[in-house]
Amino acid sequence: MTDAADAAAAARAPSSWRLYRRLLGFAKPYRGLLVFAAVAMLVEAAAAGAFTSMMKPVVDETFIARNAHVSLLLPLVIVAIFLVRGIAGYGTDIYMAKSGRGVARDLRVQVFAKYLRMPGQRFDNEAVGSMLVRLGSDSDQVAQAAIDAMKVMVQQSLQVLVMLGVMLWASWRVTLAMLLLGPLLAWMMDQVGRRYRRLGHRIQESGAQLMQHADQTLSGHQEVKVYGAQQVEQARYRGLADHNFKLALKVESTRSISSAVVQLMGAVGLAMLLFFAGHEAMAGRLTAGGFVKIMLSMLAIIPALKQLTNVQGMLQRGVASSERLFSVLDAEDEVDSGDRPLSRARGLIEFRDVSAQYHGQAAPALQHISFSARPGTVTAIVGRSGSGKSTLVKLIPRFYEPASGQVLLDGHPLRDYRLADLRRQVALVGQQVMLLDGSIAANVAYGELEGATAEQLQRAVAGANAMEFVERLPEGMQSSVGARGGRLSGGQRQRLAIARAMLKDAPILILDEATAALDTESERLVQDALARLMPDRTTLVIAHRLSTIEHADQVLVLDQGRLVEQGTHAELLARGGLYAHLHRMQFREPGEG
Ligand SMILES: Nc1ncnc2c1ncn2[C@@H]1O[C@H](COP(=O)(O)OP(=O)(O)O)[C@@H](O)[C@H]1O
Ligand SMILES: [Mg+2]
């Protein structure tokens, strides 16, 4: 690590500790398991120490004193020691894995639930991709920090302590000499390894660049071809590949040099050991068995120390991830403080001087909008793209909150109702239909509609003009729609969304360009289904289709977030304003293109 990074880490230290403590809180439910694991680790370390200690009798009794009795017993003892060690090791691994993976699971479930409770605005500020990272690698890394790091620390420290004990017991003089020299050797090895790691990091980046460029170019292959960019893209790719090639060679040579240096250092260490041990042997203070014991202990200490130096990085990554996860968990929920009971609304919607603005957007998306929509009527909302039509309807299920003014349902502000009750009153069909990988039936009877009977389901699907294609699918209602409904056409997905809305049978129906992306034939089928859905509700429809607008009870014309005209189709045409203009330019009948 560089000095700057060291300093930064030091500055963060107190808050890192706070984060880590909070993380450990997530390990609390697994306390019992962790105690078992600690006991298993102790047994493991003791077994390792016992094995190393046994090397002295093995060498001295079997080979030097040629004691037949002992030489028969020792092999059995070795097997017994490893049996105990194996069982204890399994216990450690399993108990630790259970706790660690348990913490990861608990965290990701909590974060997922939190995301579903967050206001819609959150989804504008944070890409879904980054949410997936929170649920994926962040949760795993946090578990590593909380549990795996603890495991390494305890397990390897025990290993080091036990082995040091064994060494001291064999010969404290040799051990002290090695303790003084060892760190010097370790430092030199680390210096070599450091350069190697830095290069490794750079080659990873270069690999990622290479892949990203290929991904971009190949996904856009049509543009590349149409604009004749093959040569340029190929040259760019070649440049990146060259860079990658040179780095790979550098990595290889560094790796080779560093492994030679590491081996040399190891040899130097062994030479030192031999020197001191020889000195002690001459003095009659160290037997052959004692020497083997010391050597094996040293060999066991080195990997343990290596693992201990990794703990720091593991903790840091985990703490950084936990910071991101906790910031999600600590974010505000959607405001849901209403308590006015609402089972089925009549459906009177009123906007009173409503303005709305998206976070980070300079201009308000809606300004001073007032109108009311009565039950049993259709309100068409028209306007250029970006004029605020979608924003207006999103205020009704409270996906967003107005910046000022009020939206009322049946005479009471939306905030007076519980969110779940309010949203139960609204059926929504948008341009993008959300389907999940599952059967047609599961997608139509989605969420709270789950309990619908087969008969209700049939009626909804038929009413949405969807039966026609559902029947032709191999498994009918039970056919899978594929990931995101990929096995269905746009018009088919749209009709399933309408079936869902029919099944919901809510007093408020919102259609946001439900047919805009469809071909004429699908549009006719969808339109027909919608016509069946609209009566007896309060319908708000954002449409380009002339006949929908003509038959609406009122038309709202939006322009740059303002309600500029309001009236029936005939009234607005007669005025010769924006509506008349849009009418000439934009609204169409199916087939007109
Ligand atoms: N999620 C969002 N975040 C920020 N700005 C948005 C968001 N959605 C829409 N806007 C902006 O608000 C304005 C109105 O958008 P919208 O209501 O979607 O218009 P319409 O549906 O009439 O095309 C536009 O200027 C648009 O860029
Ligand atoms: Mg829109």
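Predicted model, so just to flag it, every value in this text is computed and none were measured. Start at 1 and go down the list; that is how both ligands and their atoms are numbered.
- Remark: ligand 1 and Asp124 share an N or O pair separated by less than 3.5 Å (distance only, no angle test).
- The part of Tyr400 lying near ligand 1 is the side chain, judged by heavy-atom distances below 4.0 Å.
- Annotation: His569 is not in aromatic contact with His551 [ring centroid separation under 6.0 Å not met].
- Closest to atom 10 (N) of ligand 1, if we only count protein heavy atoms, is Tyr358 CE1, 3.2 Å.
- Ligand 1 has Gly386 within reach: a non-hydrogen atom of the residue lies less than 4.0 Å from it.
- Ser390 lies close to the Mg ion (ligand 2), since one of its N, O or S atoms is found at a distance under 2.8 Å.
- Between the side chains of Ser390 and Asp512, at least one donor-acceptor pair of N or O atoms lies under 3.5 Å.
- Exactly one of Arg424, Arg423, Lys504 qualifies for a side chain to side chain donor-acceptor pair (under 3.5 Å) with Glu448. That residue is Arg424.
- Side-chain contact check for His243 and Gln209: no donor-acceptor pair (N or O, by modelled atom type) lies under 3.5 Å.
- Scanning all protein heavy atoms for the shortest distance to atom 18 (O) of ligand 1 gives Ser390 CB, 3.7 Å.
- At least one N or O atom of Gln361 sits closer than 3.5 Å to an N or O atom of ligand 1.
- A donor-acceptor contact closer than 3.5 angstrom is absent between the side chains of Ser372 and Glu350.
- Under a 4.0 Å criterion applied to the non-hydrogen atoms of Ser385, ligand 1 contributes the atoms 23 (O).
- Under 4.0 Å from ligand 1, heavy atoms of Thr391 appear from its side chain as well as its backbone.
- For ligand 1, the atoms closer than 4.0 angstrom to any heavy atom of Ala365 are 12 (O).
- In Lys389, the parts holding a heavy atom less than 4.0 Å from any atom of ligand 1 are both the side chain and the backbone.
- By the 4.5 Å heavy-atom criterion applied to side chains, Val382 and Leu558 are not counted as neighbours.
- At a heavy-atom cutoff of 4.0 Å, ligand 1 is contacted by the backbone of Arg384 but not by its side chain.
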Exercise for the section: Please step through salt bridge (Lys or Arg N to Asp or Glu O under 4.0 Å) for the pair Arg317 and Asp140, ending with a clear verdict. Expected result: CA-CA 11 Å; Arg317 275 195 305 277; Asp140 283 330; over 6 Å; no

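- Interatomic distance, Ser480 OG to Asp437 CG, rounded to the nearest 0.5 Å: 5.0 Å.
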